[in-house]
Amino acid sequence: MLPYKNYKDKLEKIKKGELSLKENVTYFLNEIETNKHLNAFNFIFPDQAIEQAVKVEEKIKSGRQGKLAGLVLAVKDVLSIKGKPLTCSSKILKDFTAIYTATAVQKLIDEDVIIIGKTNCDEFAMGSSNENSAFGSVLNPVDNSRVPGGSSGGSAAAVAAGLCDVALGSDTGGSIRQPASFCGIYGLKPTYSRVSRYGLTAYASSFDTIGAFARNAEDIAAVLEVMAGWDVNDSTSSKNTVPDLSGNLSLNNKKLKLGFAREYFGEGLSPEVKSAIETVMEKLKKNGFEIEEISLSHSEFTIATYYILTTAEASSNLARYDGARYGYRSENCSSLLEMYKSSRSEAFGSEVKRRIMLGTYVLSAGYYDAYYRKAQKVRRFIKNDFDEAFKKVDIILTPTSPSPAFKLGEKTSDPLEMYLMDIYTTSANLAGIPGISVPVAKSSGGLPIGLQLLANQFNEPNLLKMSYYIQENIL
Ligand code: GLN
């Protein structure tokens with residue numbers, strides 16, 4: 001067990017000399033070794049992490065430390081860190097080294113976090129179980145026969161197993177929230193554009209976001225506050241000012257209005273998850289929160305819309321891996337065209353290939369109107385539903401995932417069943433709104449269950465306040 005509650009407590013303890021940062025980092029490195037079977041990390045940086053711990057500890061002792069000094073961070077292997085491998089858990093980038101550092105990561109480094117390693121994930125962040133990785137599957141630390149969720153499964157497992165303090169993930173359709181819920185921790189996806197995507201390997205650019213995993217709401221707030229903000233290197237990043245998130249977690253008697261949508265409690269939802277979420281809603285009502293029913297009437301189209309649009313964007317984004325400029329190049333080719341074909345055929349995994357084919361299909365001349373254009377229109381309807389809902393309520397409560405973590409191999413032969421694991425999370429990416437998964441219960445078999453909170457664009461303050469309230473008063 002770690003002797004501190006959150007990043008603030010950790011910093012205080014280091015300041016008072018009650019905690020040695022070097023020992024803390026050594027502890028994490030040992031834990032990573034002991035939990036090697038989880039396969040959470042693609043790479044670890046032991047020497048650099050220890051060296052950094054000594055430096056940061058000195059800074060803390062002399063009062064010159066950054067906001068997040070001493071926080072031990074793991075980074076999903078889709079984010080660039082200069083001089084470190086960047087594989088996206090794909091054979092096609094097996095030997096690739098990043099040539100610059102992602103803005104979000106750099107901002108954290110500037111506030112004195114210590115990076116301990118890069119975490120395993122589904123190949124190019126495509127998946128819901130972390131079984132699509134060239135580095136092999138990640139195991140759920142709560143039950144090793146089950147998946148940790150995906151695509152940021154390594155980050156979620158690392159935080160849940162106590163192998164680091166916090167971890168970064170990317171969320172295009174639920175890849176932070178769903179693994180957070182499967183592993184029993186907090187996972188937040190910010191508003192689209194809140195955090196610069198510079199240095200995040202593109203999957204579906206109009207959906208991709210960078211967010212964080214932690215064991216408490218305070219650490220999530222602090223990390224998001226540092227990562228957020230406009231960046232000259234990402235023209236889609238927002239110029240909105242970043243509010244004080246970490247210093248402002250209390251609701252101060254402000255009663256936020258909560259909403260629930262019947263569409264998120266229908267067929268396909270496991271009865272245990274349903275009753276866990278309803279129990280939390282009952283407790284919130286008892287504590288004086290008003291919960292109003294709202295309607296998200298286009299919910300039934302979210303999975304189809306998401307998988308048409310993201311595969312379209314992916315097919316374009318992944319065209320750059322052609323064997324010519326960087327990454328894997330096939331030996332078995334005698335012409336340029338053959339080189340493209342063989343390099344991509346040999347080095348992409350089957351889920352990535354499936355998505356490139358689907359995306360190419362929905363964008364092709366004969367089908368563009370029927371699929372891509374139509375899906376763009378439905379995306380607008382889904383966004384409109386949320387706009388209407390947020391006129392009435394501040395936060396929408398939903399399950400994060402229809403079931404707790406499933407068994408390894410259980411859904412690998414049926415892609416559609418796997419895609420349905422994203423039924424409650426993809427809507428936030430379609431609408432560009434922020435969402436968080438809060439661990440609120442355990443199933444009868446001891447598996448974690450997550451509650452998803454959704455807020456309107458740029459309303460991360462309410463999302464974090466409500467998460468903190470639930471953490472402190474409901475659990
Ligand atoms: N599971 C979803 C997918 O496979 C979400 C992935 C993500 O958010 N990166 O696309």
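Note that ligands are numbered from 1 as they come in the structure, with each ligand's atoms numbered from 1 the same way.
By the 3.5 Å distance cut-off applied to N or O atoms, Met126 is not counted among the residues near ligand 1. At a 3.5 angstrom cut-off on N or O pairs, Gly127 counts as close to ligand 1.
At least one heavy atom of Arg355 sits closer than 4.0 Å to an atom of ligand 1.
One finds the OG1 atom of Thr305 at 4.0 Å from the CD1 atom of Ile382 (value rounded to the nearest 0.5 Å). With values rounded to the nearest 0.5 angstrom, Glu460 atom CD is found 12.5 Å from Lys465 atom NZ. The CD1 atom of Ile99 sits 14.5 Å away from the CD1 atom of Ile81 when rounded to the nearest 0.5 Å. Once rounded to the nearest 0.5 Å, the distance linking CG of Asp394 with CG of Leu256 reads 5.0 Å.
Applying the salt bridge (Lys or Arg N to Asp or Glu O under 4.0 Å) rule to Glu272 yields no partners; only residues at least two apart in sequence or on another chain are considered. The side-chain hydrogen bond (donor to acceptor under 3.5 Å, both in side chains) test applied to Ser205 returns Asn317, not counting sequence neighbours.
Residue contacts with ligand 1 for Thr172 involve both N, CA, C or O and side-chain atoms from C-beta outward (heavy atoms, distance under 4.0 Å). Contact annotation for Ala125 and ligand 1: heavy atoms of both the backbone and the side chain come within less than 4.0 Å of the ligand.
The residues Asp77 and Lys118 are annotated as salt-bridged, a charged nitrogen and a carboxylate oxygen being separated by less than 4.0 angstrom.
Taking atom 2 (C) of ligand 1 as the reference point, the nearest protein heavy-atom neighbour is Asp422 OD2, 3.1 Å. Annotation: atom 7 (C) of ligand 1 to nearest protein heavy atom, Ser175 OG, 2.3 Å.
Taking every non-hydrogen atom of Ser151 and a distance limit under 4.0 Å, the qualifying atoms of ligand 1 come out as 9 (N). Shown in contact with Gly173 at under 4.0 Å from a heavy atom are these atoms of ligand 1, numbered in order with element: 5 (C), 7 (C), 8 (O). Proximity to Asp171 (heavy-atom distance under 4.0 Å) selects the following atoms of ligand 1: 8 (O).
Which of Tyr419, Phe207, Tyr203, Tyr306 comes nearest to atom 5 (C) of ligand 1 through a heavy atom is settled by distance: it is Tyr306.
By the 6.0 Å and 45° rule, Lys91 does not stack over the aromatic ring of Phe348.
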